[in-house]
Amino acid sequence: MLKINNLHASVEQKEILKGLNLDIKPGEVHAIMGPNGAGKSTLGYILSGREGYEVSEGQVEFHGEDLLDMAIEERAHKGLFLAFQYPVEIPGVSNMAFMKESVNAIREQRGETPLTATEFLKKAKEACKQVQLSLDFLKRGVNEGFSGGEKKRNEIMQMILLEPSLCILDESDSGLDIDALQVVANGVNSQRDGKRSFIIITHYQRLLDYIKPDYVHILANGKVVKSGDASLATDVEKEGYAFLGQDNAEEKNA
Amino acid sequence: MNQWLQQVIDRGQAIDDWLSPHRAQSLEALGKAKWPNRRVESWKYTSLAPLEQLELSPGSAVGEAIIEDIEGLNSLDLVFVNGKLQSDISLLVLPQGLHISSLQDVSVKEKNTANALFSKIKPQRHLFGLVNDALAEDGLIIDIDANSKIEQPIRIINISSDGQESHHRVLVRLGSHASATVIEHGQGEQASLSTGFAEYDIGEQAYLEHYRLAMHTHQAIHIGGCHFSLQQKSQLNSTLIAYGSELSRMDVDIIHNGEHAKAKFNAVYLLGEAEHFDLHSTIEHVVPNGTTKENARGIVGDKAKAVFNGRIHIHRNAQKTLAELHNRNLLLSRRGQINTKPELEIYADDVLCAHGATVAETEEETLYYLLSRGISRSQALVMLNFGFIQELVDQMPNQHLAQWLKPQLHSRFVEMEVK
C-alpha cells in the first residue's frame, strides 16, 4: 500500500529525513517511535503534503502511484489521513459543516453520491458517540476551545467518518489521560478491518498497550535504525532511547 | 461655500414645519462648516465626488415597496420609501408599553420641544448628521415605557429608488428597565442618496438589542449613523452588517453617560467590485466603570475599498473602564484597499484597554488542515474566509436574523471569490 524508499527531506535547508525506508501492506499497523527531533512528525507532514518540506531524494508510492506528485487534497481523496498532533482551531466554521464538506468531497472523488444532511447527521452522531464527545461538539467551531483531549478525539472522529485506507496518527496519545487514551485506542481498533493500515507515531509505548502494532520501527536521526515486533516497544520503554547513542555515533563516523 | 452644501442650506431654509427651530441650529452650523476634502482627517480616505456628481430630486414615494419577509422574525415593520413613511402607524397593533409616532404626526406636546428632542445624542461634528437635520422631514419617535419588555422586534426599513433622495431620522427612547430590539434595514442599488441617522437613549438598566443592516450597493449612496447614549447599568448589543456602494459611510457613537453600562458592538463589512465602505466609530467613556467591546471584521475583494477608524476616548473621570476594540481585515485581492486606524485617547489612569488592527491573508496552516481532509482549495478558502465573519454573525442574539443573513452573505462572498 505504502512504499517509502530512501526518503531524504529537509525543512528550511536543514535535512531531517536521511534515507528512510518503510513498506506498509494492507491491514498492517506500524508504530514509529523515536526520540524528539528524530523526524517522526516530519514524516507525517511529508506524507500528507504539507508545504515547506523539500524532498531531495527518494520515492513514496501509495496504492501504486507517486504520492509526492499529488496535491494535499488529492492524497486525502486517495485514502490518506493524518490525525494532527496539534489540530487547528477554526472559529466560525462549524465542526459539522467542516466534516460534511470533507466527507462529501472524498465521496465525490470515489464516485459515490454525496450524503444528505440527514444521512450525514446520523453518521456523525454515531461517530461522536464512539469517541465519547457530546453532540454539542458538532455545532461548535472546528476545535474551537476544545481541550487537548477533545481535539484528539475530534481527529479520531474525522478518521472514522472519512474511512481512509491509510491512517497516520501523529502523537495522538500526547497530553491524554488514561481514559481519553482508551477512547482514542478503541476508536482506532474499531477501524482495524484487515485492509486499513495504520502508522502510529508516538514517543511513548503507552498507546501501544492498547493498539497492538504488527511492527515497531525506531526512527533516529532521520532514518529507521531498528525494526521489530511489538516487543521492541517494550524494550524501549524499559531502556529508553539510550541504546541509540552508539548507532548515532557510528553514523556520524561513517 | 461648496455648491452642494449651499443647495442643502437653501432647501433646508425653505422647509417650514414644527422642526424648523431645531433645523435652524443645524443650518447655522452647516453655514460655518467646511466641505470635507482629503486633508480632513475624518474624510481622508473617502471621496465625496460621487455625491457631488449625482443629479437628484427630493424624494417622492414611487410605487409599492416590496419588503422581504424574514422567516420567523415576526417583526413590526415600519417602511420608508425615499424618506417617506409608507406604513400607517394607526393600523399597527402595538404591544403594551410601545409608542411609535411619525414626525409628520406627533403630539402637540412633542412639537413644543423640537429642540429638546433631537441631536442630544448625535454629536454635531457629523457633517451629514447636520445635512440630515436640515433636510429630514419624516422619521420616527419610538418610546418604550419603563419596565416594558418588548419582545417583537421593531424593523425600520429604508428603501432608496432610482434618482431619488431620502432623509429620515429616528429617535428611540427606552425607559428604565425596559428592553427592545430595533433593526434598521436600508437597501437600494440605483443612483440615489440617502441619509439616515438614529439616536438611542437607553435608560437606566434598560437593554437594547440593535441591528443596522446597511445593504446599499452599486450607485446607491448612503451616509448615516447610529448614536447611543447609555445610562446607568444599561446594556447595548449592536451589530452592523454593511455592504458597500459607490459611497457608503457610517458613523457610530457609543456614549457611556451612566456608570456600569455595558456595550457590545460588532461590525461586519463585505465588499466586492469597486465598492466603498467607511466606518467611523467613537466610544466615549465619560463616567467610571463602563465596559465596551467592539469587534469589526471586514473582507475586501476586487477593487473595493474599506476604511475603518475606531476611536476610544476615556475621559479623566472614567476610572475602571474596560474597553476593547479589534479590527481584523482580510484582503482577497491585490487591487483591494483597507485603511484601518484604531485611536486611543485615555485620560484616566486606572483602566483596562486593548486594541488592535490587522490586515491578513489566509493562514497557511489552517488551509493545510482543510486540504488534508480532501476539501478543495477554492472551497477551503470560501469556508475559512467566510468563517472569519460568520463568527460575528453567529454572535447575533436574534437567530432568525442570523439565519436569514448567512446565505446572503455567503453568496455575496462566493461571487467575490469567483471574480
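Chain naming here is simple, since letters A, B, ... match the order of the sequence lines and numbering starts at 1 in each.
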**Message:** So for A:L82, is it side chain, backbone, both, or neither that comes closer than 4.5 Å to the heavy atoms of chain B?
**Reply:** both
**Asked** Checking A:V103 against chain B: side chain, backbone, both or neither under 4.5 Å from a heavy atom?
**Response** neither
**Prompt:** Looking at B:M383 and A:V93, what are the two nearest heavy atoms and their distance?
**Reply:** O-CG2, 3.3 Å
**Message:** Within a 6.0 Å radius of atom OH on A:Y86, are there more than 12 heavy atoms belonging to other residues, nucleotides or ligands?
**Reply:** no
**Fill in**
For B:Y369 and A:Q158, the nearest pair of non-hydrogen atoms, with its separation, is OH-NE2, 3.2 Å
**Asked** With only heavy atoms counted, which part of A:E144 is less than 4.5 Å from chain B, the side chain, the backbone, both or neither?
**Response** side chain
**Complete:** Of A:G52, A:S102, A:G141, A:A76, the largest count of non-hydrogen pairs under 4.5 angstrom with chain B goes to A:S102
**Asked** Can you say whether B:Q379 sits under 4.5 Å from chain A via the side chain, the backbone, both, or neither, judging by heavy atoms?
**Response** side chain
**Which portion of A:E74 sits near chain B, non-hydrogen atoms under 4.5 angstrom** = neither
**Request:** Below 4.5 Å from any heavy atom of chain B, which atoms of A:E51 appear? Answer side chain, backbone, both or neither.
**Result:** side chain
**Step-by-step side chain to side chain contact (heavy atoms under 4.5 Å, CB included) determination, B:L370 to A:I90** = CA-CA 10 Å; B:L370 294 191; A:I90 318 175; 3.8 Å; yes
**Item:** Electrostatic pair A:E155-B:R373, nearest N-O below 4.0 angstrom
**Value:** yes
**Message:** Within the supplied structure, the quantity of interest is the number of heavy atoms (other residues, nucleotides, ligands) at a distance under 6.0 Å from A:E108 CD; does it exceed 12?
**Reply:** no
**Message:** Atom CD of residue position A:E54 - does it have more than 12 heavy atoms of other residues, nucleotides or ligands inside 6.0 Å?
**Reply:** no
**Request:** Let me know if A:P87 has heavy atoms under 4.5 Å from chain B in its side chain, its backbone, both or neither.
**Result:** both
**Message:** Looking only at heavy atoms and a cut-off of under 4.5 Å, which of A:G49, A:S48, A:A105, A:P91 has the most pairs with chain B?
**Reply:** A:P91
**Message:** Would A:V88 and B:Y368 count as a side chain to side chain contact (heavy atoms under 4.5 Å, CB included) here? Give the steps.
**Reply:** CA-CA 10 Å; A:V88 184; B:Y368 162 58; over 6 Å; no
**Request:** Could you tell me which portion of A:R50 (side chain, backbone, both or neither) has an atom closer than 4.5 angstrom to a non-hydrogen atom of chain B?
**Result:** both
**Prompt:** Is atom NZ of A:K125 surrounded by more than 12 heavy atoms (other residues, nucleotides or ligands) closer than 6.0 Å?
**Reply:** no
